[in-house]
Protein chains: 2
Amino acid sequence: METVADNWGTLALVALTEGSYRFNALRRRVDGVSEKMLAQTLHALERDGLVTRDVQATFPPRVEYTLTAPGARIAETLRALIDALEAEIPAIMTAREDYDRRH
Amino acid sequence: METVADNWGTLALVALTEGSYRFNALRRRVDGVSEKMLAQTLHALERDGLVTRDVQATFPPRVEYTLTAPGARIAETLRALIDALEAEIPAIMTAREDYDRRH
DNA sequence: CTGTATCCCCTTTGATACTG
DNA sequence: CAGTATCAAAGGGGATACAG
């Protein structure tokens with residue numbers, strides 16, 4: 001549960017709602033993630049059955065990451081959460097300004 | 001955004017959907033949170049306008065924490081996420097067992 | 001009761017270098 | 001391209017003690 005909800009797990013799942021990605025393409029898409037953290041995150045998601053890893057034994061190697069059905073369902077609710085948070089951003093920003101002015 | 005979505009922030013918001021809580025009651029409700037982290041979390045949520053802090057100048061002091069409207073909206077989507085995750089737990093557990101058996 | 005302040009560990013993460 | 005290995009740094013988070 002913690003692995004899904006962490007920063008990189010969320011971003012990777014949401015990015016994969018757009019379709020399959022190869023490792024480095026996904027890394028470019030998930031801005032700021034290091035190789036290590038993306039590899040670690042994808043392993044955890046694969047272990048939980050939320051992402052599949054399709055290796056093509058070519059040279060250079062191609063590895064495609066794709067959401068499974070459970071992964072897609074979770075990614076969708078993550079997106080709903082992100083949308084809800086973004087909708088509140090203006091309110092949060094003004095609340096912060098008020099708070100900071102008073103403290 | 002990070003403060004809402006972190007572990008203790010999520011648990012505090014969801015707990016407060018049940019109604020107002022005083023500090024130590026909330027601390028007992030959010031199992032495992034330390035004084036320090038709960039205070040820190042509540043400050044962040046108050047600053048973002050998601051929680052209000054009502055101080056009663058009695059002795060001993062009473063402080064009630066209550067969700068604001070934006071806080072309630074976000075808490076609801078967090079609950080939706082938690083429910084969606086819980087619905088996938090059986091699938092995740094069997095996926096893990098399969099994965100671990102193969103690796 | 002409702003917190004704040006301090007200390008400190010230890011996990012997470014980023015950088016870097018290397019392999020198949 | 002797709003990673004793994006190693007190391008160092010930073011910060012989260014718990015325990016404890018104290019204050020209003």
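A note on names: the letters A, B, ... follow the listed sequences, proteins ahead of strands, and every chain is numbered from 1. Because the structure is predicted, anything quoted here is derived from the model rather than measured. Atoms considered below: every heavy atom in the structure, side chains included; atoms not considered: hydrogens, waters and symmetry mates.
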Could you check if a side-chain atom of [X] sits within less than 4.5 angstrom of a side-chain atom of [Y], using non-hydrogen atoms only?
X       : Y       : answer
A:Arg96 : B:Asp48 : yes
A:Leu38 : A:Leu26 : yes
B:Leu42 : B:Phe23 : yes
A:Asn7  : A:Leu11 : yes
B:Glu64 : B:Arg53 : no
B:Met93 : B:Pro90 : no
B:Val51 : B:Thr68 : no
A:Leu50 : A:Leu67 : no

For [N], does OP1 or OP2 lie under 4.0 Å from any side-chain N or O of [X]?
X       : N     : answer
A:Arg53 : D:dG3 : yes
A:Tyr65 : D:dG3 : yes
A:His43 : D:dG3 : no

>> Is there a continuous path of hydrophobic side-chain contacts, each under 4.5 Å between heavy atoms, that joins B:Val55 to B:Leu16?
In response: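 Yes.
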> Shortest non-hydrogen contact from A:Ala12 to A:Thr41?
Replying inline: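 A:Ala12 and A:Thr41 have their closest heavy atoms at CB-CG2, 4.4 Å.
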> Axis-to-axis angle across the helix from C:dC1-D:dG20 to C:dG20-D:dC1, five pairs an end, to 10 degrees?
Replying inline: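 Its terminal axes enclose an angle near 50°.
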>> Under the rule for side chain to side chain donor-acceptor pair (under 3.5 Å), what residues qualify as partners of A:Glu88, not counting sequence neighbours?
In response: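 In terms of side chain to side chain donor-acceptor pair (under 3.5 Å), with neighbours along the sequence ignored, A:Glu88 is linked to B:Arg73.
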> Which pairs, with at least one residue in residues 14-26 of chain B and sequence neighbours excluded, count as a salt bridge (Lys or Arg N to Asp or Glu O under 4.0 Å)?
Replying inline: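 Every pair satisfying salt bridge (Lys or Arg N to Asp or Glu O under 4.0 Å) with a residue in residues 14-26 of chain B: B:Glu18-B:Arg29.
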> Earliest and latest nucleotide of DNA chain C, 5' to 3', sitting under 4.0 Å from a non-hydrogen atom of chain A?
Replying inline: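 Going 5' to 3' along DNA chain C, contacts run C:dT13 to C:dG20.
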>> Does this structure show an ion pair linking B:Asp83 with B:Arg79, if we count only N-O contacts that are shorter than 4.0 Å?
In response: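 Looking at B:Arg79 together with B:Asp83, the answer is yes, because their closest N to O distance falls below 4.0 Å.
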> Going by heavy atoms closer than 4.0 Å, what residues in residues 11-27 of chain A are next to DNA chain C?
Replying inline: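 Contacts with DNA chain C under 4.0 Å: none.
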>> Base contacts versus sugar-phosphate-only contacts with protein, heavy atoms under 4.0 Å: please encode nucleotides 11-20 of chain D as B, S and - from 5' to 3'.
In response: --BBB-B--B
>> Without decimals, in angstroms, what is the distance between A:Leu42 CG and D:dA2 P?
In response: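 Nearest whole value for this atom pair: 11 Å.
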